[in-house]
Amino acid sequence: MSDTVTVTLPDGSEKRAARGVAILDFVREQIGAGLARAAFVARLDGELVDLSRPLERDARLEVLTAKSPEALAVARHDAAHVLASVVQRLYPGTQVTIGPAIEDGFYYDFARAQPFTPDDLERIERAVAEAIAADLPFVREEVSLEEARALFERLGETYKVEIIGDIAGRGARTLTLYRHGDWVDFCLGPHGPSTGRIGVVKLMSVAGAYWRGDARNAMLQRVYGTAFFDRKALEAHLARLEELRKRDHRKLGPALGLFAFHEVAPGSAFWLPHGTTLYNLLADAMRRLVTRNGYQEVKTPLLYDRRLWEQSGHWGVYRENMFLVLDKESDPALPVDQRLTMSLKPMNCPSHYLIYGMARRSYRELPIRYFTVDVLHRNELSGALGGLTRVRQFAQDDSHIFVMESQIPDEVERITGLMRTVYGAFGLEFSLRFSTRPTNPADRVGDDALWDKAEGALRSALDRLGLPWELNAGDGAFYGPKIDFVVTDSLGRKWQTCTIQLDYAAPERFDLSYAGDDNREHRPVVIHRAVYGSFERFIAILTEHYAGAFPAWLAPVQARVVTVSDRFEAWGQAVVERLRALGYRVEADASSDKLGAKIRAAQLAKIPYALVIGEKEVEAQGVSPRRHGGEDLKTMGLDAFVELLAREARPPY
RNA sequence: GCCGACAUAGCUCAGAUGGUAGAGCAACUGAUUCGUAAUCAGUAGGUCCCCAGUUCAAUUCUGGGUGUCGGCUCCA
């Protein structure tokens, strides 16, 4: 064996290195001292590794500095270790568990009877800063599982010992320890060179978290934090959080008169006049769109006998989430669960199956596409509720499409076209996620053969679309695999909204059929799909995406007339009436405020147009529109403005 | 549901070792008649989340409840 190895750098150049030399030494000697100082971690043949690792074989090497996002994730994991080390010093008896880097930061879960207080957090944060200032190197060591087990048993770290058991169960023979100072943890790594390289750490919050995320397990104390290589980046992150806070639909919604919540109906919104307008505009646009695409709107009952849910499978796997209703005519001596014989619908699907089954269907009718906007109820955990995004009552733009198997790819493509139309109209990017059968057989209906078929069909439809998608194994609905659309808003946040789900099980359960061209009965396949997802969630996303300043076609109030003084009220009123007569949503500011104050009020109400009316406008029988944001369009005749508004207020689909 | 924090005027927030509370904005009234992000003055507005308990006295302390917020595996 040669005593040198060949190292290929990202630019394609090759260098020879002594076998076994540490990456950092190689970089310093063969590339440059500057890069060696800036280096944080390395990527060796695609795998992130410590700079202290030796070069043992020919490999591709990439040096990552503080500029790379991967390095930041490593630094955050470093920060989690530092956090754990100071917590164990400050709070003896606290056990460590896991502490990964996550999007925007990291967390660490501690086993400790006493929760951390905000004061504790401050104290811990100071100690973390000291540990960073001490600039302790991270030292990697590989040990046998037995050694590791002995070490952590001696330290009394029962969770770590449990994890070692899992690792052993996966067939590993060794694991790696990382030390800084006198503190040790085992960890896949990699880590940065030393604590001093982490930069600045800020602890964000404390929270309870179940061990392994399972409510049957012990409650751990989770500390969330974030870390950045420099203070400016941290401040930019905090500024972004502040921007998110300002755009939060839970603040903007009530402030703009869109919706509100009341404690007597947790998880169910009250739609205020402005919000109802917005809701209806979205619903109307969707109705037009789907009608043009061959859908038929139907309305179905809200309350059903449990037999329906038993047939659909909901009673078995979804009952926890359903609102059950007591049958008052049932025998009071019976146990309560036997008297709860009705349920509010949590989904529209079974009712659409019933409609399908109400007539004999021919292959010539397919695809049959039912569309429903009905109120649905799902009993979410009280602690999981929040704003419009986690609610108990909502409505979907819900459809179930009955197709022949051969029609699946076309239909998926057609649905994707709807998604493009709608999301394009809002300037929302989306990506696709393919979710397959739930891992636990108890969480799904239908046998494996059906799942194989459904997953295969959806996958080939995906391939035909040619859009990039990622796999989300085990996250399918209980009745079928699905394609989720993940939307990215103006702040770069991702939201799961629309969905396409394939269902071979339901037609079996409901004995749905159609007469084929062979004059024999066949099973249709059901496609579940929603474009907005739920109106509630979609309006939350749009509110934050637009920061409450909706485009003219959606704005609850499209224009507000602001007069320079009340001498011009007559023409102001005439303008309001003319525009209203044409169907526009217009109001007047009749206060005795000065123009500047009225403009400010219109701006804060996020109304697309303030129509300034003074002497000039009365003479010209026109208005001077000022767009939200400040653009002054100068005086124009009322007809010219009507034309402008007509263009902008036209629904884009 | 579980862990933690929080709950004072429509909104944003002050406040008192336990002696029933204030500001700014908004609202209302009046004056002002004004040209693109705040005219001036006055008035009114409170079950200090709810229910118990302790106390001469509870918005404040204790207990229980409700709601909201941050979380509850992007698995060493």
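Throughout, protein chains are lettered first and strands after them, A, B, ... in sequence-line order, and every chain is numbered starting at 1.
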(message) Need one value for A/Leu604: base, sugar-phosphate or nothing, where a base atom within 4.0 Å counts as base even if backbone is also close, heavy atoms only.
(response) base

(message) So, OP1 or OP2 of B/rG4: does either fall under 4.0 Å of a side-chain N or O from A/Tyr224?
(response) no

(message) Return whichever of A/Leu385 or A/Arg600 has its heavy-atom-nearest nucleotide of RNA chain B closer to the 5' end.
(response) A/Arg600

(message) Categorize A/Leu188 for me: base, sugar-phosphate, or nothing, with a 4.0 angstrom heavy-atom threshold over every strand shown.
(response) base

(message) Students often get this wrong, so: under 4.0 angstrom with heavy atoms, is A/Ala209 touching a base, only sugar-phosphate, or nothing?
(response) sugar-phosphate

(request) From the options B/rA37, B/rU32, B/rG67, select the nucleotide whose nearest atom is closest to the side chain of A/Ile599. (result) B/rA37

(message) Side chain of A/Met219, heavy atoms from C-beta onward: which of B/rC3, B/rC72, B/rA38 has the nearest atom to it?
(response) B/rC3

(request) Among the candidates B/rG35, B/rU32, B/rC74, find the nucleotide nearest to the side-chain atoms of A/Glu103. (result) B/rC74

(request) From the options B/rG35, B/rA37, B/rU39, select the nucleotide whose nearest atom is closest to the side chain of A/Arg626. (result) B/rA37

(request) Mark yes or no for a side-chain to base donor-acceptor pair under 3.5 Å between A/Glu617 and B/rG35, with no hydrogen or angle criteria applied. (result) yes

(request) Identify the nucleotide, in any strand shown, that forms a Watson-Crick or G-U wobble pair with B/rG67, with both distances under 3.5 Å; if there is none, say none. (result) B/rC6

(request) May I ask you to say what A/Ser205 touches in the nucleic acid, namely base, sugar-phosphate or nothing, with a heavy-atom cut-off under 4.0 Å? (result) sugar-phosphate

(message) In this structure, how many angstroms lie between the C1' atom of B/rU68 and the NE2 atom of A/His262, rounded?
(response) 13 Å

(request) With heavy atoms under 4.0 Å as the rule, sort A/Ala384 into base, sugar-phosphate or nothing. (result) base

(message) I'd like to know if A/Arg222 and A/Asp109 make a salt bridge, using a cut-off of under 4.0 Å between side-chain N and carboxylate O.
(response) yes

(request) May I ask you to evaluate whether A/Arg567 reaches the phosphate of B/rC34, defined as a side-chain N or O under 4.0 Å from OP1 or OP2? (result) yes

(request) Indicate, with a heavy-atom threshold strictly under 4.0 Å, whether A/Gly387 touches base, sugar-phosphate, or nothing. (result) sugar-phosphate

(message) Quick check on B/rG70: is either OP1 or OP2 less than 4.0 Å from any side-chain nitrogen or oxygen of A/Arg250?
(response) yes

(request) Would you please test A/Glu242 and A/Arg245 for salt bridge (Lys or Arg N to Asp or Glu O under 4.0 Å) and show each step? (result) CA-CA 5 Å; A/Glu242 177 62 21; A/Arg245 205 183 58 79; 2.9 Å; yes

(message) If you compare every side-chain N and O of A/Arg216 against the phosphate oxygens of B/rG1 (OP1, OP2), does one of them come in below 4.0 Å?
(response) no

(request) Indicate, with a heavy-atom threshold strictly under 4.0 Å, whether A/Lys160 touches base, sugar-phosphate, or nothing. (result) sugar-phosphate

(request) Using whole Å, report how far CD of A/Gln221 lies from C1' of B/rC3. (result) 6 Å

(request) Figure out the CZ/C1' separation between A/Phe261 and B/rC49, and round it to whole Å. (result) 18 Å

(request) List the steps, then state whether ring pair (Phe, Tyr, Trp, His ring centres under 6.0 Å) holds for A/Phe152 with A/Phe186. (result) CA-CA 9 Å; A/Phe152 288 98; A/Phe186 66 87; 5.1 Å; yes

(message) In whole Å, I'd like the distance from the CG atom of A/Asp593 to the C1' atom of B/rU36.
(response) 14 Å

(request) Quick one: label A/Gly386 by what it contacts on the DNA or RNA (base, sugar-phosphate, nothing), any heavy atom closer than 4.0 Å. (result) sugar-phosphate

(message) Among B/rU39, B/rG1, B/rC3, which nucleotide has an atom closest to any side-chain atom of A/Pro115?
(response) B/rC3

(message) Tell me whether A/Lys251 contacts the main-chain N or O of A/Lys246 through its side chain, where contact means a donor paired with an acceptor under 3.5 Å.
(response) no

(request) Decide, yes or no, whether a salt bridge links A/Glu146 with A/Arg173 under the criterion of side-chain N to carboxylate O below 4.0 Å. (result) no

(request) In whole angstrom, give the distance that lies between atom CD of A/Glu242 and atom P of B/rU12. (result) 14 Å

(message) Taking A/Glu153 first and then A/Lys160, would you say they form a salt bridge - that is, a charged N and a carboxylate O separated by under 4.0 Å?
(response) no

(request) For B/rC49 versus B/rU8, give the span between their C1' atoms, rounded off to a whole number of Å. (result) 10 Å

(request) Output yes when A/Asp484 and A/Lys482 qualify as a salt bridge under the 4.0 Å nitrogen-oxygen rule, no when they do not. (result) yes

(message) OP1 or OP2 of B/rU12 versus the side-chain N and O atoms of A/Lys251: is any pair under 4.0 Å?
(response) yes

(message) Using whole Å, what does the distance between atom C1' of nucleotide B/rG71 and atom CZ of A/Arg222 come to?
(response) 7 Å

(message) Applying the Watson-Crick and G-U wobble criteria at under 3.5 Å, what pairs with B/rA26? Answer none if nothing qualifies.
(response) none

(request) Record whether the side chain of A/Tyr210 comes under 3.5 Å of the base of B/rG1 through a donor-acceptor pair of N or O atoms. (result) yes

(message) Rounding to an integer number of Å, can you tell me how far A/Asp119 CG sits from B/rC6 P?
(response) 11 Å

(request) Nearest whole angstrom, please: distance from the P of B/rA76 to the CG of A/Leu175. (result) 12 Å

(request) Determine the Euclidean distance between corresponding C1' atoms of B/rA5 and B/rG42; express it in Å to zero decimal places. (result) 41 Å

(message) Looking only at the side chain of A/Glu263 (C-beta and beyond, no hydrogens), which of the listed nucleotides B/rG70, B/rG67, B/rC34 gets closest?
(response) B/rG67

(message) Distance check, P atoms only: B/rG15 and B/rC72, in whole angstrom units.
(response) 32 Å

(message) Does A/Thr117 reach a base, just sugar-phosphate, or nothing at all? Heavy atoms under 4.0 Å.
(response) nothing

(request) Go through the steps for A/Phe110 and A/Tyr108 under the test ring pair (Phe, Tyr, Trp, His ring centres under 6.0 Å), then give the verdict. (result) CA-CA 6 Å; A/Phe110 298 98; A/Tyr108 208 109; 4.9 Å; yes

(message) For the P atoms, the ones on B/rU12 and on B/rU68, what distance do you get once it is rounded to whole angstrom?
(response) 16 Å

(request) For A/Gly614, report the nucleic acid contact type (base, sugar-phosphate, nothing); a contact means any heavy atom under 4.0 Å. (result) base

